[in-house]
Amino acid sequence: MTNSLVIYNTLTRTKEKFEPLNPPFVGMYVCGPTVYSDVHLGNCRTFVSFDLINRYLLHLGYKVRYVRNITDAGHLEGDRDEGDDKFSKKARLEQLEPMEIVQRYTIGFHDVMRLFNTLPPSIEPTATGHIAEQIEMVKQIIDNGFAYEREGTVYFDVEKYSQGNNYTILTNRNLEELLANTRDLGGQDEKKGRLDFALWIKAKPEHIMRWPSPWGWGFPGWHIECSAMSSKYLGDVFDIHGGGMDLAATHHTNEIAQSQACNHTSPAKYWMHTNMLTVNGARMSKSAGNGFLPHELFTGSHPLLQKGYSPMTVRFFMLQAHYRSTLDFSNEALEASDKGFKRLMNAIDLLDKLKPSATSNVQVGDLKQACYDAMNDDFNSPVVIAQLFEAARIINGVYDGKAQATQEDIEALKSLMDDFVYDVLGLKVEKAETDDIGKIMEFIIQLRSEAKANKDYLTSDKIRNGLQDLGIQLKDSKEGTTWTKA
RNA sequence: GGUCGGAUGGCCGAGUGGCUAGGCAGAGGUCUGCAAAACCUCGUACAGCGGUUCGAAUCCGCUUCCGACCUCCA
């Protein structure tokens with residue numbers, strides 16, 4: 001197990017050596033989706049980023065318990081601690097049960113995650129499945145003096161909490177200024193302080209999603225589910241808590257406060273935040289209307305797209321940027337990733353066809369270590385990919401007979417690709433129906449070879465051009481003709 | 001307004017106080033019946049202005065621009 005992994009910790013705003021609390025076990029909690037609508041590509045990026053992190057930790061030999069929640073209750077539609085949660089509203093709009101909404105989009109989310117080849121979490125708890133735990137936690141926070149009830153709604157007392165704790169530890173904001181600058185929106189709030197947030201919310205008479213509690217019928221606030229479920233499955237203190245950067249200021253800040261107020265300890269040792277996917281420099285989001293749905297991308301049906309891109313192309317595109325950088329989404333960038341990804345996978349295909357030499361004039365020894373160095377430096381996948389392209393260049397050169405590699409070199413290249421392309425980066429071959437087509441293509445290539453042998457280039461070119469139009473590209477070489485799908 | 005983060009060659013994107021990732025696009029070449037692919041070579045980029053330094057794109061300051069968060073969002 002390599003022990004030189006360094007992780008950027010939002011808490012300290014520095015890179016820190018990764019030292020699990022109880023090695024070889026690692027507890028990681030990632031805030032999952034709110035399943036009241038389709039996940040868009042920006043959401044996917046976060047989960048692909050954490051998939052990379054999960055995969056690398058596993059690759060290093062850690063026993064990871066990866067918990068990622070499904071938010072299926074309590075996430076309010078408005079910007080105040082009142083009104084409907086998102087599920088109730090959506091259910092009313094579509095004349096469905098809230099749980100039908102939840103079911104539909106949970107399945108959709110899982111389908112998309114599978115297409116992106118992400119490993120499923122170890123535990124995927126739902127908010128509605130943990131109402132009792134959340135109520136218990138709220139009770140404890142009240143008992144500890146950090147929350148109060150008003151008319152059936154329980155609020156977290158930020159001012160009280162901040163007397164002995166650093167409420168803004170995660171984002172380093174000035175609490176006094178926050179209090180002064182917080183917009184005065186509602187007016188009719190029952191809250192004592194402007195920053196106070198709801199732990200438990202009283203249900204209105206028409207509200208369908210409701211549970212009994214010591215404070216009457218209601219439903220949990222959004223933040224409390226993560227605190228309750230992370231402590232249930234990972235303990236009061238665990239290794240990594242992650243999520244999108246947009247969650248840091250509010251959701252995660254409140255999570256820390258809740259856990260501290262309940263358990264007298266900060267929940268996670270390392271806080272990791274992934275950056276946003278942008279479109280023309282602006283964050284992709286549901287409310288901005290610039291969200292891409294995964295299937296629009298795969299099929300190319302979005303008006304901003306010229307063509308569709310496969311899930312692995314998109315995954316590769318995401319991994320070509322560091323998880324803490326914004327990534328700008330465009331046709332051109334996707335096109336570049338598409339071609340690059342095919343080049344890389346094509347080189348891997350050639351690995352089995354390489355002929356070993358007695359001597360070597362290629363350098364493959366350092367590539368793997370360079371990949372580990374890159375991943376150990378806060379999961380720097382773009383640098384890993386650069387190394388893999390170096391490997392691809394070597395493979396192509398050897399295949400062309402322009403360079404010599406020993407059997408040992410070839411084995412090293414195979415091992416490199418297995419470990420990093422498949423295992424760590426989580427990429428996979430996307431070949432459909434190759435078996436059938438393969439035999440047909442063999443036959444067609446045979447026909448064309450005969451035409452070529454007869455110098456009947458009219459026929460051979462006709463075959464090649466015809467296939468080209470169908471999206472199949474022929475490549476002639478000394479060893480014969482190969483084909484790829486464009 | 002506050003907090004934080006950015007500005008890298010045609011595009012996307014790493015990185016670093018001196019050895020100047022990578023992909024895509026472009027130019028030239030090798031190979032080839034011709035293509036395609038592949039390989040080789042090439043463009044010497046780091047917002048602007050000052051400063052520190054033997055040396056900065058990398059550190060510091062200022063300026064301009066952009067973004068995120070502060071209000072639901074991964």
Side-chain angles (χ1 to χ4, degrees), chain A residues 10 13 30-34 37 39-50 75-80 83 86 168 171-174 176-178 180-183 185 195 222 242-251 253 273-278 281-288 291 316-317 320-322 324-341 343-344 346-347 350 370 374 377 380-390 392-393 395-397 399-403 452 455 457 460-461 464-465 468 473-478 481-484 486:
Chain A
T10 310
R13 282 165 286 280
V30 173
C31 291
T34 304
S37 64
V39 287
H40 63 67
L41 217 58
N43 301 314
C44 295
R45 184 188 181 200
T46 290
F47 302 125
V48 167
S49 294
F50 280 105
H75 202 158
L76 294 177
E77 181 66 30
D79 54 7
R80 277 165 288 166
K86 293 181 170 176
T168 56
T171 51
N172 205 27
R173 290 164 302 171
N174 182 308
E176 279 68 42
E177 285 174 3
L178 262 187
N181 289 335
T182 303
R183 288 186 213 171
L185 285 168
L195 291 178
W222 174 35
M245 271 186 185
D246 51 339
L247 299 181
T250 304
H251 184 55
T253 290
H273 290 97
T274 57
N275 216 323
M276 301 290 104
L277 187 66
T278 60
R283 170 185 176 186
M284 182 181 287
S285 74
K286 284 168 192 170
S287 50
F316 185 72
F317 163 71
Q320 273 186 301
H322 185 87
R324 280 192 293 114
S325 300
T326 55
L327 171 61
D328 203 58
F329 184 86
S330 69
N331 247 309
E332 294 72 24
L334 240 10
E335 188 66 29
S337 291
D338 188 33
K339 292 192 176 163
F341 178 58
R343 194 160 100 83
L344 184 63
N346 190 51
L350 296 179
D377 184 13
N380 198 329
S381 56
V383 169
V384 170
I385 289 172
Q387 302 303 322
L388 297 175
F389 275 113
E390 176 66 16
R393 197 179 57 74
I395 292 168
N396 287 327
Y399 181 73
D400 282 353
K402 289 166 186 157
K452 269 176 49 172
K455 297 208 186 296
Y457 295 122
S460 68
D461 285 356
R464 187 174 64 199
N465 294 338
Q468 180 84 46
Q473 185 149 79
L474 296 186
K475 293 179 229 174
D476 292 339
S477 72
K478 280 168 193 156
T481 302
T482 58
W483 64 279
T484 54

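Below, read A as the first sequence line, B as the second, and so on, with proteins coming before strands; counting in each chain starts at 1. Note: hydrogens, waters and symmetry copies are ignored here, and every other heavy atom, side chains too, is used.
With values rounded to the nearest 0.5 angstrom, A:Thr481 atom OG1 is found 4.5 Å from A:Lys452 atom NZ. Residue A:Glu332 holds its CD atom at 8.5 Å from CD of A:Glu335, rounded to the nearest 0.5 Å. Atom CZ of A:Phe317 and atom CZ of A:Arg45 lie 8.0 Å apart (nearest 0.5 Å). The line from CG of A:Asn275 to NE2 of A:His273 is 11.0 Å long, rounded to the nearest 0.5 Å. The CG atom of A:Leu41 sits 9.0 Å away from the CG atom of A:Leu327 when rounded to the nearest 0.5 Å.
Taking the P atoms as reference points, B:U30 lies 42 Å from B:G17, given to the whole Å. Straight-line distance between the C1' atoms of B:C19 and B:G23: roughly 23 Å, to the nearest whole Å. Separating the C1' atom of B:A25 from that of B:G9 is a span of 12 Å, rounded to the nearest Å. With both ends at atom P, the span from B:A27 to B:G10 equals 16 Å, rounded to whole Å. Across the P atoms, B:A36 and B:G28 are found 13 Å apart, a figure rounded to whole Å.
Contact annotation: A:Arg13 does not reach the phosphate of B:G5 (side-chain N/O to OP1 or OP2, under 4.0 Å). OP1 and OP2 of B:A14 both lie 4.0 Å or more from every side-chain N or O belonging to A:Asn380. The phosphate of B:A74 (OP1 or OP2) has no side-chain N or O of A:Asn275 nearer than 4.0 angstrom. Of the side-chain N and O atoms in A:Ser325, one or more sit less than 4.0 angstrom from OP1 or OP2 of B:A14. Distances shown here put every side-chain N or O of A:Arg324 at or beyond 4.0 Å from the OP1 or OP2 atom of B:G15.
Of the candidate nucleotides B:A38, B:C34, B:A74, B:A74 has the atom lying nearest to any side-chain atom of A:Asp246. In this structure, the nucleotide among B:A74, B:U3, B:G33 sitting nearest to the side chain of A:Ser460 is B:G33. Here the nucleotide nearest the side chain of A:Leu277, chosen from B:C24, B:A36, B:A74, is B:A74. When the nucleotides B:C39, B:G13, B:A74 are ranked by their closest atom to the side chain of A:His40, B:A74 comes out on top. If you check B:C40, B:G13, B:A74 against the side chain of A:Arg393, the one that comes closest is B:C40.
The distance between atom CD1 of A:Ile385 and atom C1' of B:C12, rounded to the nearest whole Å, is 12 Å. B:G33 atom P lies 16 Å from atom CG of A:Leu474, rounded to whole Å.
With both pairing distances under 3.5 Å, B:G26 is matched to B:C42 as a Watson-Crick or G-U wobble pair.
Donor-acceptor pairing under 3.5 Å, judged by distance alone, is present between the side chain of A:Arg464 and the base of B:A35. Below the 3.5 angstrom threshold, one finds a donor paired with an acceptor across the side chain of A:Asp476 and the base of B:C34.
Centre separation under 5.5 Å together with a plane angle under 30° does not hold for the ring of A:Tyr399 and the six-membered base ring of B:A38, so they are not marked as stacked.
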